[in-house]
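Both counts, for ligands and for their atoms, begin at 1 and track the order of listing.
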Amino acid sequence: NNDVLSKHFEILKDELATVVLIWTWPFGRQFDLRSCSSLYNITGCRLTSDRSQYPKAHGVMFHHREICHNLPSLLTIPRSPLQKWVWMNMESPANSPRLPGPASLFNLTANYRRDSDVWVPYGRVVEASNDDKAFKIPNKDKLVCWIVNNWNDSFWRVKYFNQLSNHIKVDTFGGHFGRYLSYRDYFKTMSSCKFYLSFENSIHKDYITEKLFNPMISGTVPVVLGPPRANYEEFIPADSFIHVNDFKTPQELAEHLTYLDQNQEMYEQYFTWRKHFVARRSDFGVEHACRICDHIKQHKGYRVFKHLNTWYWG
Ligand SMILES: *[C@@H]1O[C@H](CO)[C@@H](O)[C@H](O)[C@H]1NC(C)=O
Ligand SMILES: *[C@@H]1O[C@H](CO)[C@@H](O)[C@H](O)[C@H]1NC(C)=O
Ligand SMILES: *[C@@H]1O[C@H](CO)[C@@H](O)[C@H](O)[C@H]1NC(C)=O
């Protein structure tokens, strides 16, 4: 009987699967536990958020924000020598409370940093499909835009913006300016601007967030403030963006943007990369869990990640 057979097959598959326990939903946001195969072609994985499965789990994913304030409770949990504990975090060191834990609490790290065991950047530039190649630069009715909620006068980006906006008109949106945008309007607004200020809230190696990838996806040229240009160029084409460090002063940057506004041909050069590539955003949480599972499945060896505290916070 085929039904019985396929049921047995399902049970067997389940027993052979690599199990990853999601200790807490990251920021309380749930995701579909069965999407590893459809989203990433990762098979042989079983994700669960059921803590009664803890003894069976090959790996446990701990999201930083939910554990950083109750570390002592983690230290009392019995651990199998074969189980891997994974520290997961996407916030920069400046936005993450330190974790004053023991030096060898975790076995693996899952982070935006290129040197983490399970690397999940905020987005990727990947080979374009034929559909992607039909790309046309969207219609523009604004020159420079910025959408910002989290404003702090001590941020680099705020200081830079204050100077830049003396020399060029910047259309500003977001909570700070009392012009909150819905998710749909966010992308529509972004694509109607020639340039977008992809200013990171803090500056760290490899900390290149959706503030860069969203304009790249929307057909807008990002003007970046973050780690040095060379760090960006490891992940995105050199001619796809403008770096504030390319100019001596905010005024010189403003002059360059004004010049590009009047030279359509020069402006279009910033989209040359779209002939071959397209930008994609990562999925928060589910992508980490699936890639952690895949990593554990393929790396059975003993591994301890020493000194997370100094690695991340210095
Ligand atoms: C999915 O992965 C398998 C091997 O694990 C490979 O043979 C297959 O081509 C992949 N499918 C896609 C759509 O990438
Ligand atoms: C702004 O940043 C400073 C320094 O990091 C911090 O002390 C202050 O609390 C922040 N202010 C706001 C309103 O977030
Ligand atoms: C994970 O790290 C712990 C603590 O250092 C260790 O006891 C355990 O054996 C490690 N597990 C694996 C599979 O490497």
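Residues F135 and F277 place their aromatic rings such that the two centres sit no closer than 6.0 Å.
F31 and W25 have perpendicular rings, their planes meeting at more than 60° on a 0 to 90° scale where under 30° would count as parallel. Under the 30°/60° scheme for interplanar angles, the aromatic rings of Y112 and Y122 are found to be tilted. In this pair, W119 and F235 present their aromatic rings tilted. The plane angle is within the 30 to 60° band.
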Which pairs would a plain distance check flag for residues 172-183, meaning a side-chain donor or acceptor within less than 3.5 Å of a matching protein atom at least two apart in sequence or in another chain?
residue : atom : partner : partner atom : Å
R179    : NH1  : T172    : O            : 2.8
S182    : OG   : D185    : N            : 3.2
S182    : OG   : D185    : OD2          : 3.4

Pick out the protein N or O atoms lying less than 3.5 Å from any N or O of ligand 1, and list each pair with its distance.
residue  : atom   : partner : partner atom : Å
ligand 1 : 2 (O)  : N41     : ND2          : 2.4
ligand 1 : 11 (N) : N41     : ND2          : 2.8
ligand 1 : 14 (O) : N41     : ND2          : 3.2

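Here the closest heavy-atom approach between residue G219 and residue P138 is recorded as O-CD, 3.5 Å.
Set against the non-hydrogen atoms of N107, the atoms of ligand 3 under 4.0 Å away are 1 (C), 2 (O), 3 (C), 8 (C), 10 (C), 11 (N), 12 (C), 14 (O). Less than 4.0 angstrom separates some heavy atom of P81 from each of these atoms of ligand 3: 8 (C), 9 (O), 10 (C), 11 (N), 12 (C), 13 (C). Taking every non-hydrogen atom of V304 and a distance limit under 4.0 Å, the qualifying atoms of ligand 3 come out as 2 (O), 5 (O). Applying the 4.0 Å criterion to heavy atoms of S104 picks out, from ligand 3, the atoms 4 (C), 5 (O). For ligand 3, the atoms sitting less than 4.0 Å from at least one non-hydrogen atom of K84 are 13 (C), numbered in the order shown with element in parentheses.
Side-chain contact of N152 with S154: a donor-acceptor pair under 3.5 Å is present, judged by distance alone.
When non-hydrogen atoms are compared, ligand 3 lies under 4.0 Å from the backbone of L82 (N, CA, C, O) but not from its side chain. The part of Q83 lying near ligand 3 is the backbone, judged by heavy-atom distances below 4.0 Å. The proximity of R303 to ligand 3, defined as any non-hydrogen pair under 4.0 Å, is limited to the backbone.
Cation-pi check for R65 over F27 is not met; the charged atom does not lie both under 6.0 angstrom from the ring centroid and within 45 degrees of its normal. Seen from the ring of W87, R113 does not count as a face-on cation partner, given the 6.0 Å and 45° thresholds.
Applying the 6.0 Å contact sphere to NZ of K56 captures no more than 12 heavy atoms from other residues, nucleotides or ligands.
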